[in-house]
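Reviewing the structure listed below.
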Amino acid sequence: MPEVTTPYATGTPCWVDLMAQDQQAALDFYRDLFGWQGQVGPAEFGGYAVCELNGKPSAGIGPAMAPEGMPTPPTVWTSYLSTTDAQATQDAIVGAGGTLLVPAMDVGELGRMLIAADPQGAVFGVWQPGEFFGARVVNESGALTWNELHTSDVPGATAFYGEAFGIEVQPAQGAEQYWELRVGGRAVGGVSLLANDPPGTPAHWLTYFAVDDVDSTVDALVKHRGTVLAPPFDMVAGRMSVVTDPQGAPFAVITPKPM
């Protein structure tokens, strides 16, 4: 199993989490779909649950909370990009035209985090590792395998993520109108045109989870009251589908082609 044993390089997606209206229902749904084990966490961390796959941290699920008088945030998966200095990255995000949603804050001894939106409005998180550096299992059935930015402005996104994180954006070989996010010469995510999404879809980051069989996973998801946005289809990297969980959080599942 691909286990991650060292912190992620700056700019690399390192964690995903979901803030759910019904946290326990979300924990039950993803347990049944992916085999995750997670339970409501300690009150000091707002009940945040670190879900594990085969005993290794794979993703987070927390309860959706909003400051008094503010609307509850949408139920979406958030991709976190790694950094060695959250405050410096925060300054760079603002300097590059991004919007700060949750300023850099300590999460106990685990690390520091912030939430921001890029100039096109795609929301993402930033994680500076302390005792916790992110997902310990990736690219395995039931685990995070890809993070994809959907944007209407590829040059703008290229400039922003380059300035804020040092990420390079390059056209992907073998795929038209698709780009790779590269850190240290290695592809760590993708960029897709928002024009390929349903009309009215805002800029966003899409989380991909690997599965052994996309079609049977989608069947199971529907039986558990999930919704199919894009039925299973074959593409350059494998067979995939875009779905939502019962509370409306979109994500993708993919059976990657053997390398």
Side-chain angles (χ1 to χ4, degrees), residues 1 3-4 8 13-82 86 101-115 123-138 140-145 147 205-211 217 220-227 243-253:
M1 171 175 292
E3 181 181 1
V4 182
Y8 293 80
C14 63
W15 187 245
V16 292
D17 68 15
L18 173 71
M19 295 295 130
Q21 302 288 335
D22 186 333
Q23 183 188 19
Q24 189 58 56
L27 289 167
D28 294 344
F29 171 80
Y30 288 99
R31 176 198 64 211
D32 293 342
L33 193 69
F34 293 142
W36 294 354
Q37 297 299 315
Q39 54 192 7
V40 176
E44 64 183 296
F45 296 122
Y48 189 93
V50 173
C51 298
E52 295 185 340
L53 180 65
N54 300 318
K56 300 179 181 69
S58 56
I61 297 178
M65 295 181 289
E68 193 171 341
M70 297 288 286
T72 305
T75 304
V76 294
W77 280 97
T78 299
S79 293
Y80 287 76
L81 306 180
S82 191
L101 302 179
V102 179
M105 57 183 278
D106 291 322
V107 184
E109 299 296 318
L110 299 175
R112 283 173 65 78
M113 65 160 283
L114 64 95
I115 305 290
V123 175
F124 62 95
V126 175
W127 183 253
Q128 175 188 331
E131 294 177 353
F132 181 81
F133 63 73
R136 292 291 296 267
V137 55
V138 295
E140 183 78 19
S141 182
L144 174 67
T145 193
N147 303 73
W205 281 81
L206 182 66
T207 297
Y208 283 65
F209 297 106
V211 294
T217 299
L221 173 132
V222 170
K223 289 176 184 173
H224 287 86
R225 305 192 317 281
T227 301
V243 298
T244 76
D245 69 18
Q247 298 183 57
F251 62 97
V253 286

### Query
Quick one: does Gln23's side chain have a donor or acceptor within less than 3.5 Å of a partner on Gly47's backbone?
yes
### Task
Would you check if the side chain of Gln247 reaches a backbone N or O of Asp22 as a donor-acceptor pair within less than 3.5 Å?
yes
Measure the [atom1]-[atom2] distance between [X] and [Y] for me, rounded to the nearest 0.5 Å.
{"X": "Leu221", "Y": "Thr244", "atom1": "CG", "atom2": "OG1", "result": "7.0 Å"}
{"X": "Leu53", "Y": "Leu144", "atom1": "CG", "atom2": "CG", "result": "11.0 Å"}
{"X": "Lys56", "Y": "Arg136", "atom1": "NZ", "atom2": "CZ", "result": "8.0 Å"}
{"X": "Ile61", "Y": "Trp77", "atom1": "CD1", "atom2": "CH2", "result": "4.5 Å"}
{"X": "Gln128", "Y": "Met113", "atom1": "CD", "atom2": "CE", "result": "12.5 Å"}
{"X": "Phe34", "Y": "Phe29", "atom1": "CZ", "atom2": "CZ", "result": "7.0 Å"}

### From CA spacing to verdict: side chain to side chain contact (heavy atoms under 4.5 Å, CB included), Trp205, Leu81
CA-CA 11 Å; Trp205 281 81; Leu81 306 180; 4.3 Å; yes
Between [X] and [Y], what is the shortest heavy-atom contact and its length?
{"X": "Val50", "Y": "Pro57", "result": "CG1-CB, 3.9 Å"}
{"X": "Phe251", "Y": "Asp245", "result": "CE2-N, 3.8 Å"}
{"X": "Ala135", "Y": "Ser58", "result": "CB-O, 4.2 Å"}
{"X": "Val16", "Y": "Thr207", "result": "CG1-OG1, 3.6 Å"}
{"X": "Asp32", "Y": "His224", "result": "OD2-NE2, 3.6 Å"}
{"X": "Pro250", "Y": "Val76", "result": "CD-CG1, 4.3 Å"}

### Query
For Val138 and Tyr8, what are the C-alpha separation, side-chain angles and deciding distance, and is it a side chain to side chain contact (heavy atoms under 4.5 Å, CB included)?
CA-CA 12 Å; Val138 295; Tyr8 293 80; 3.7 Å; yes
Check whether any side-chain heavy atom of [X] lies under 4.5 Å from a side-chain heavy atom of [Y], and answer yes or no.
{"X": "Tyr48", "Y": "Met19", "value": "yes"}
{"X": "Phe209", "Y": "Thr217", "value": "no"}
{"X": "Tyr30", "Y": "Leu18", "value": "yes"}

### Query
Where do Val137 and Glu3 land on the side chain to side chain contact (heavy atoms under 4.5 Å, CB included) test, with the steps shown first?
CA-CA 5 Å; Val137 55; Glu3 181 181 1; 5.8 Å; no
### Task
Flag the pair Phe132 / Trp15 as yes when their ring centroid distance falls below 6.0 Å, and as no otherwise.
yes
### Message
Looking at Arg31, I want to see if its CZ is surrounded by more than 12 non-hydrogen atoms of other residues, nucleotides or ligands under 6.0 Å.
### Response
yes
